[in-house]
Amino acid sequence: MPLPVFQRPFMGPKMTVEDWDGNFVCVASPVRELAEKMHEPYILHLPFNDRTGRLKKGDYLLVDQTASAEASFVLIKSGWGVKLVRKVEQGFEDVESGEHRFDPDVQIIGNVSMLLMGSL
């Protein structure tokens, strides 16, 4: 199953040249079976290191464009863009900058379902 690869967190069904460079990653079972159940899944090729060290620049993350109560890493709407954040006890922490968000009305628009490939 081919999934588009993005360099920044993304939301929506329409991809533009600014969002997507035309690259795909083909996934096979069991990842394919998981992706088939998702809403508009894609691969995020992480362009930065997670400030805690859990995720590394160059990792490939499988993203589902739905909210999930179980996910540790989620995508939120932030102004005109989308941010990758980690759920923490008192809200959310921006994975890239470390900034904390305590707003209870944050709009979760997606979640990271799994780390596909990462450096060892």
Taking Q65 for its side chain and E40 for its backbone only, find out whether a donor-acceptor pair lies under 3.5 Å.
yes
What one should report as the nearest heavy-atom pair of V63 and M38 is O-SD, 4.2 Å
For I43 and L62, run side chain to side chain contact (heavy atoms under 4.5 Å, CB included): C-alpha distance rounded to whole Å, both residues' side-chain angles, the deciding distance at 0.1 Å, then the answer.
CA-CA 5 Å; I43 305 295; L62 179 59; 4.0 Å; yes
Which class fits the ring pair Y42 and F6: parallel under 30°, tilted 30 to 60°, perpendicular over 60°?
perpendicular
Please determine whether side chain to side chain contact (heavy atoms under 4.5 Å, CB included) holds for the pair M114 and V31, giving the CA-CA distance in whole Å, both sets of side-chain angles, and the decisive distance to 0.1 Å.
CA-CA 9 Å; M114 74 173 37; V31 177; 3.8 Å; yes
Measuring only between side-chain heavy atoms, which start at C-beta, is L61 closer than 4.5 Å to L46?
yes
In this structure, CD1 of I76 is separated from CG of D94 (nearest 0.5 Å) by 7.5 Å
To the closest 0.5 Å, what do you measure between CG (L55) and CZ (F73)?
4.5 Å
Look up atom CG in L75 and atom NZ in K83, then write down how far apart they are to the nearest 0.5 Å.
12.0 Å
Does the R32 side chain pair with the main chain of V27, one donor and one acceptor, at a distance under 3.5 Å?
no
N/O donor-acceptor pair under 3.5 Å between N49 side chain and K57 backbone
yes
Derivation of the side chain to side chain contact (heavy atoms under 4.5 Å, CB included) call for I108 and F92
CA-CA 11 Å; I108 298 174; F92 301 96; 3.9 Å; yes
Taking atom CD of E36 and atom CE of M1, what is their separation to the nearest 0.5 Å?
5.5 Å
So, do D64 and P41 sit near enough that their side-chain heavy atoms are less than 4.5 Å apart?
no
Interatomic distance, NZ@K87 vs CG@N111, rounded to 0.5 Å, equals 8.0 Å
L84 versus V74: any side-chain heavy-atom pair under 4.5 Å?
no
When rounded to the nearest 0.5 Å, the distance separating CZ of R86 from CG of D50 is 4.0 Å
Between V5 and L44, does a side chain to side chain contact (heavy atoms under 4.5 Å, CB included) hold up when you go through it step by step?
CA-CA 6 Å; V5 178; L44 174 61; over 6 Å; no
